[in-house]
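First up is the structure itself, then whatever we jot down about it.
Computed from a prediction, not measured in an experiment: that's the story for all the values here. Proteins come first, then strands; the chains are lettered A, B, ... in the order of their sequence lines, and each starts at number 1.
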Amino acid sequence: KRHEEATKDSTRRTLKTKIKQLTNQVHAERETSIKEQVQKHLENLKPLFSKVNSAISRRESLQDEKNVNMLSSRVNKPFCKHNGFPKGVEGKDCMNKLDITFAKRTRIPHPPKLPPYTAWVYVARNVRMAEDQSIIGKMQMYYDKNGGEMMICSDNEEEMVNPKDAKHDFTEAEDLILRMTLEECKSSEEALSIIQEFVKTTDSQIQERYKKLKKKNMESLDDHSEDCHCKGCKCHLGICLEKSLSATLESFDNIFCRQCLIFDCPMHGTFQPLIYTSEKQQVWSEHEGDKQPCSDQCYLLDKGVMEGQKDIQLSNSTKVQADEMTNNSNWKQLEKNLYLKGVELFGKNSCLVARNLLPGFKTCLEVARYMFASGESMPYESIPSSITDINDKINAEYIMGWEKWFDDDGKLSILHTICRRIDHGKDQCDKQYTPCGCKGICIEGCPCLSTGTCEKYCGCSKLCNNRFKGCYCFKSQCRSQLCPCFAANRECDPDVCRNCWVSCGDGSLGEPPRHGDGQCANMNLLLGKKERILLSKSNVAGWGAFTKNPIIKNTCLGEYTGELITHREAEKRGKLYDRINNSYLFNVNDKWVIDARRFGNKLKFANHSSKPNCYAKVMLVGGDHRVGIFAKENIKAGDELFYHYYYNEECAPPWALPPKVEASKTHKYVSQGRAKKH
Amino acid sequence: KKDYRVTNRLQEGKRPLYAIVFNVLDSRYLDVFATVGGNRVTVYQCLKEGVIAVLQSYVDEDKDESFYTVGWACNVNGTPLVVTGGLNGVIRVIDAGSEKIHSIFVGHGDSINEVKAQILNPSLVVSASKDESIRLWNAHTGIYILIFAGARGHRNEVLSVDFHPSDMYCICSCGMDNTVKIWSMKEFWTLHINYVDCNRWLGDFILSKVSDSSLSVYYLVEIKC
């Protein structure tokens with residue numbers, strides 16, 4: 001045992017010595033390179049010095065003799081001169097006092113003072129928070145007006161000591177230490193404890209970093225190997241032709257958003273499995289013989305293909321087999337898949353297929369030959385099933401990964417943050433909608449059954465009972481509870497509702513039949529309808545929002561837009577906003593909160609009132625929850641807009657409390673002390 | 001090494017002085033400096049034997065105004081300008097050649113923390129503010145040209161801002177949100193845990209200072225422009 005302990009001690013000391021040597025070496029190299037670079041840049045600055053000198057000297061020549069330069073004349077005749085102490089300070093009390101009379105001073109005019117505000121960016125739609133904008137794990141500072149000093153915004157001192165939130169940025173030196181140490185000792189507990197002395201982080205982060213370094217080594221080794229692993233493949237085109245179409249489009253399928261119909265959607269980042277509806281119509285149209293050839297290689301110019309078609313019709317087995325052999329051997333897997341996709345899109349039109357899907361790969365003539373040789377032997381029904389099967393495998397693999405990526409501790413924690421809401425008491429937990437992937441009709445496992453209803457983006461068919469059918473309103477224009485959409489706090493959808501339509505253009509193409517008196521009145525946020533809002537100094541506090549035109553009751557003033565953040569992020573930011581008594585947080589659903597501090601529009605300046613003339617309403621628009629501001633009554637032109645913030649009574653500021661409760665809460669609010677200075 | 005001595009001492013009113021800056025934009029006035037404190041702006045000149053002459057003095061009509069920063073700029077016709085800003089969030093441009101107000105820049109939503117002019121194009125003035133934005137102004141025409149704020153901008157007060165010595169399209173800024181930001185290249189790095197209260201260009205390097213309890217830590221970071 002003694003021998004083992006001695007061995008461990010010597011190993012440990014050796015390791016420490018090595019680490020110290022490595023650290024010193026890295027520091028020395030770093031210092032040398034910094035000195036060299038500073039010297040280099042100073043030499044680069046030398047031509048700039050002469051440039052600046054000449055520019056400085058040239059200022060005098062710009063001066064016109066007409067303009068009297070008071071500064072230059074003052075140099076000759078100053079107000080007063082104060083003698084100095086050329087040999088040093090004779091005494092501490094000796095001081096020259098500047099006492100220019102007020103009459104001699106030049107007065108600077110005093111412009112009217114504006115209320116303060118923070119710089120913000122206008123956004124027409126809600127913007128999802130970017131990764132680098134998160135403040136979780138960062139220290140927040142704010143200026144305390146009462147104390148006249150900067151304070152650290154933190155309720156608990158324990159939060160400061162929590163290193164899990166703060167990610168450690170490893171430097172090159174630390175990476176070297178990790179690589180050397182763990183290669184020798186292979187991540188034993190002793191090695192980890194020694195490393196912690198030099199790198200100040202947790203064990204888990206060190207191990208994660210080591211794994212990343214291993215991966216980098218493997219990747220660097222792979223870079224030296226061939227780019228394409230297929231044998232005998234010349235990938236001068238940058239695309240591996242041996243892969244199938246599904247494998248090539250794999251990365252695109254993973255980032256397609258079914259709600260917005262775009263790739264790499266910034267709003268909904270989640271993975272949504274691709275779905276091919278069974279109601280798809282077949283498009284098999286024969287090629288019209290009158291069309292002109294599309295290029296020199298068009299099959300119309302070749303009589304041999306026509307003869308080939310005749311031979312097929314005559315069912316000459318020998319020639320058909322020979323053609324199949326010749327054509328199939330030249331076609332790669334990707335080309336075959338692209339051909340199938342082209343047939344799905346354009347039918348048996350070899351000109352369009354060759355031009356749009358196979359340019360540079362195959363000519364129209366080759367496509368025509370392949371089509372006539374093997375086209376009829378592959379009916380349409382086999383295509384979607386094979387693609388769907390492949391996608392099912394891909395989906396199963398990626399769902400797990402995406403869950404990790406998206407999981408942001410999104411649990412609905414108890415909110416201590418002051419957030420604006422729609423009503424008292426109810427902490428509405430509308431759930432964020434995610435399209436389901438059911439086929440046919442939804443069963444018990446469908447997530448939409450617990451969330452709410454299925455939308456048009458879901459994979460289930462229109463016969464599904466859980467799917468929202470839309471409204472059938474005629475005359476009421478969807479303004480009242482009679483409309484199913486209005487009653488469910490959602491906007492009408494032109495694709496789903498029967499008589500709600502949107503006209504565009506000049507009407508020359510005709511318009512849908514009009515059953516109602518006018519356009520639907522329940523698509524304000526969808527169409528971006530809003531009233532003209534002006535900003536000015538408010539009689540209540542700071543800035544206020546005012547109307548330019550008179551507004552009728554229940555009109556939509558606009559959407560409360562901002563930055564979509566998670567509830568956890570809202571808690572962190574809310575603590576800071578509470579300190580400065582300036583919060584623009586608005587609760588939307590179980591996943592998102594809108595923060596309009598840096599992104600938004602003018603409606604965020606509307607002030608709170610217990611007797612407001614407007615009200616806020618969360619609407620479901622196209623599967624997303626959005627906040628609209630509506631007029632509660634008729635509003636005159638130039639009136640200031642107010643709506644109730646409906647803060648939680650436990651942590652609302654005194655000016656936002658209901659009148660009855662205010663008296664008892666005032667003392668409690670005052671007793672809340674300032675945050676302790678750390 | 002040079003032997004520095006105190007050769008004069010001036011007391012200007014009772015309110016603290018927040019900024020002092022020499023005019024390095026004009027070779028005629030390299031020994032002229034301006035100070036701000038309270039609602040006053042004063043222009044001095046250093047003479048021989050430690051004598052300091054008072055050349056100009058300005059006072060704001062608002063007694064509650066408190067100027068935090070001052071900078072020198074230059075008109076296109078060579079007239080020296082004094083640019084100052086403070087608590088009210090309004091930048092005053094004073095024509096030192098005629099001892100009158102030249103223009104007033106309204107736009108910042110809160111206090112002004114620093115103003116700087118570009119040495120090769122001294123009508124360009126950049127200002128850092130408590131409203132988390134940086135604004136670029138034309139001191140000659142009074143137009144504001146750019147606002148540096150928003151998604152990639154500062155998330156707290158901006159305390160300091162500086163032009164690149166040779167590339168006038170490149171500025172750096174720092175503030176309360178633990179970051180030093182390089183603008184017009186759309187890149188930034190987070191270096192500091194506590195807030196940053198000063199940054200300067202040094203060739204292609206940025207020298208930034210942060211206050212950590214009683215220790216002042218300096219960082220020197222190389223930026224490829």
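- At a 4.5 Å heavy-atom cutoff, P47(A) makes no contact with chain B through either its backbone or its side chain.
- Shown here are the ring pair (Phe, Tyr, Trp, His ring centres under 6.0 Å) partners of F67(B), two or more places apart in sequence or in another chain: there are none.
- Contact annotation for Q45(B): only side-chain heavy atoms (C-beta onward) come within less than 4.5 Å of a heavy atom of chain A.
- Looking at L47(B), the atoms closer than 4.5 Å to chain A (heavy atoms on both sides) all sit in the side chain, from C-beta outward.
- Only the side chain of I101(B) has a heavy atom closer than 4.5 Å to any heavy atom of chain A.
- Between H154(B) atom NE2 and T118(A) atom OG1 the span is 14.5 Å, to the nearest 0.5 Å.
- Per-residue counts of heavy-atom pairs under 4.5 Å with chain A were compared for E65(B), E99(B), K100(B), E157(B); the largest is that of E99(B).
- For the set S129(B), P122(B), G89(B), S111(B), the entry with the most heavy-atom pairs within less than 4.5 Å of chain A is P122(B).
- Of the inter-residue distances, the one linking T106(A) atom OG1 with D95(B) atom CG reads 11.0 Å to the nearest 0.5 angstrom.
- Scanning for ring pair (Phe, Tyr, Trp, His ring centres under 6.0 Å) contacts around F33(B) gives F22(B), Y44(B), with sequence neighbours left out.
- Ranked by heavy-atom pairs under 4.5 Å with chain B, the list V52(A), V121(A), I108(A) is led by I108(A).
- Separating the CD1 atom in I56(A) from the CG atom in D26(B) is a distance of 8.0 Å, to the nearest 0.5 Å.
- Contact annotation for V106(B): only side-chain heavy atoms (C-beta onward) come within less than 4.5 Å of a heavy atom of chain A.
- Among all heavy-atom pairs drawn from P80(B) and L71(A), the shortest one is CG-CD2, 3.7 Å.
- With a threshold of 4.5 angstrom between heavy atoms, L55(B) approaches chain A through its backbone and through its side chain.
- No other option in D110(B), N39(B), D62(B) has as many heavy-atom pairs under 4.5 Å with chain A as D62(B).
- Here the shortest heavy-atom pairing between Y117(A) and D131(B) reads O-CB, 3.1 Å.
- Of all heavy-atom pairs between S27(B) and S57(A), the closest is OG-CA, 3.4 Å.
- When heavy atoms are compared at a cutoff of 4.5 Å, V43(B) approaches chain A solely by way of its side chain, counted from C-beta outward.
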